Participant: 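First the structure, then my questions, so here it is.
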Amino acid sequence: MSRAEQLYGRTSDREVRAVVVRDGAADAEAPAAAVAVAPPERLQLHSVALVGLFTLAVLYTLFVARVLILPVVLAIITSFILSPVVRVLKHFHIPEAIGALVVLFGLTASVGSAAYTLAGPATTWFQAAPQAFHRIEVKLRVLKDKVQDFGHATSQVEKLTSMTDPAPVVAVQGSGLGESLLFGTWNLFAATGMVLILAYFLLASGNLFLRKMVGAMHSLHDRKLVVSIAHELQDSISAYLFTVSVINAAFGAAVALIMWALAMPNPLLWGALAATLNFVPFIGPLVGIGVVFGAATLTYDSLPHALIPPLAYLGLHITEGSFLTPMILSRRFTLNPVVVLLGLLFWGWIWGIPGALLAMPLLVTLKILCDYIPSLAVLGEFLGK
């Protein structure tokens, strides 16, 4: 029995028969001319066209208005993650407005101090990236020579088969690096401030929006259903997001400990990077392994030694992804891997890196909604594993 059936199962048979008789009477009183306005095929094509246009309008809005929509989504996700902490503080007679302020201040101070601490090592490794690429190139010179020979042979074949002159290349000069970093920094600060303000009001308001929604319902039965579904959704989404955040933080701590044991410099940097990238399934761990391999190439002299840190990273990821996370999270939170990849591509295309980070929470939120809404049950089955 689905969640929706459990919630709707309280309705008595008399109420169901009353709804059926009422709807049947309404259908009987409807004039025949109103039913025969258009053929069913035409109505179906018309509905498909409207759904297609509505979908395109939504995609266009998500892409164009991402500067406004993305902070709102981030604020809602942040409020879901922190709402359990605010509820715990409320049990100790701390008002929601003060609890939300304390939680957000603690989160901002922690993230700010971590960013300040890791900014120096990150800048050092970023400046050393060209040297890392050169050392990797030297150690992999044998493979590179083979690839270059193959590329040279391919270019010779193309020259023999091509009789036209190559088209001229036009270079377009963009804005400088300093200007891009300056505007990017200001945009980041503005977006962060907007997210924090929205998240505070969402946490401090408590059940305000739920009370407004319940007040809009006319019957007591509908009000009970709205309250039940809202509480179930909020608890499920909050539990998932909070649990995943804790798992990723533990994974980052394990990576930092392994990097420290392997004498890698700045192990806290690699732990923080692993925890952040772990929010992006499949792609994030691959990027983390590649970055750790580049750092290990600068640290160790031989290639076999440089392979140990990324292999340790890979082993921790396999343990976490195959055993720890499925054991902690229930089956209803697992998603189809194909859907996850498509979601990463879609949200990454719409919103860039923030969209890739939010792809998994958004997909799980959609899966939970489909479990509670009967009309979306088919979509929920497709999203599930």
Side-chain angles (χ1 to χ4, degrees), residues 1-38 40 43-44 46-48 50-51 54-55 57-58 61 69 72-73 75-77 79-80 82-84 86-87 90-91 95-97 100 198-199 201-241 330 332-333 361-384:
M1 181 179 294
S2 63
R3 292 279 181 177
E5 291 174 350
Q6 294 175 1
L7 294 175
Y8 292 124
R10 304 171 188 161
T11 307
S12 62
D13 296 339
R14 181 178 300 175
E15 292 174 340
V16 174
R17 286 196 296 270
V19 173
V20 173
V21 171
R22 184 183 60 205
D23 294 342
D27 293 340
E29 293 174 0
V35 178
V37 172
L43 287 175
Q44 186 176 3
H46 184 65
S47 301
V48 172
L50 287 178
V51 171
F54 177 76
T55 303
V58 170
T61 304
I69 298 176
V72 175
V73 175
I76 294 174
I77 297 295
S79 66
F80 279 144
L82 300 179
S83 58
V86 176
R87 285 199 295 265
K90 188 177 180 180
H91 287 308
E96 292 175 336
L198 289 175
F201 282 105
L202 288 174
L203 291 171
S205 61
N207 295 326
L208 176 62
F209 294 101
L210 178 59
R211 293 196 299 268
K212 296 293 184 181
M213 188 180 301
V214 170
M217 299 292 109
H218 298 289
S219 64
L220 180 61
H221 181 262
D222 292 339
R223 292 178 180 178
K224 289 182 178 179
L225 286 178
V226 169
V227 172
S228 300
I229 294 176
H231 285 168
E232 291 274 350
L233 287 175
Q234 186 177 12
D235 293 341
S236 299
I237 296 173
S238 300
Y240 169 78
L241 294 176
S330 60
R332 58 190 296 260
F333 290 135
L362 291 175
L363 287 175
V364 172
T365 303
L366 179 61
K367 177 66 169 60
I368 295 174
L369 288 173
C370 293
D371 290 340
Y372 287 101
I373 300 176
S375 59
L376 299 178
V378 177
L379 180 60
E381 289 293 330
F382 177 75
L383 293 175

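The basis for the numbers below is simple: all heavy atoms, side chains too, and nothing from hydrogens, waters or symmetry mates. What you see is a predicted model, and the numbers here were worked out from it, not measured in a lab.
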Participant: Working to the nearest 0.5 angstrom, can you tell me the gap between S83 OG and K90 NZ?
Facilitator: 12.0 Å

Participant: Take T365 and L241, measure what side chain to side chain contact (heavy atoms under 4.5 Å, CB included) needs, and give me the verdict at the end.
Facilitator: CA-CA 9 Å; T365 303; L241 294 176; 5.5 Å; no

Participant: Could you check whether any side-chain heavy atom of I69 comes within less than 4.5 Å of a side-chain heavy atom of T61, counting everything from C-beta outward?
Facilitator: yes

Participant: Give the minimum heavy-atom separation between G380 and C370, together with the two atoms involved.
Facilitator: CA-CB, 3.5 Å

Participant: If we only count heavy atoms from C-beta on, is the V364 to L383 side-chain gap below 4.5 Å?
Facilitator: no

Participant: Which heavy-atom pair separates L203 from A100 by the least distance, and what is that distance?
Facilitator: CB-CB, 3.5 Å

Participant: Please step through side chain to side chain contact (heavy atoms under 4.5 Å, CB included) for the pair V73 and L362, ending with a clear verdict.
Facilitator: CA-CA 9 Å; V73 175; L362 291 175; 4.0 Å; yes

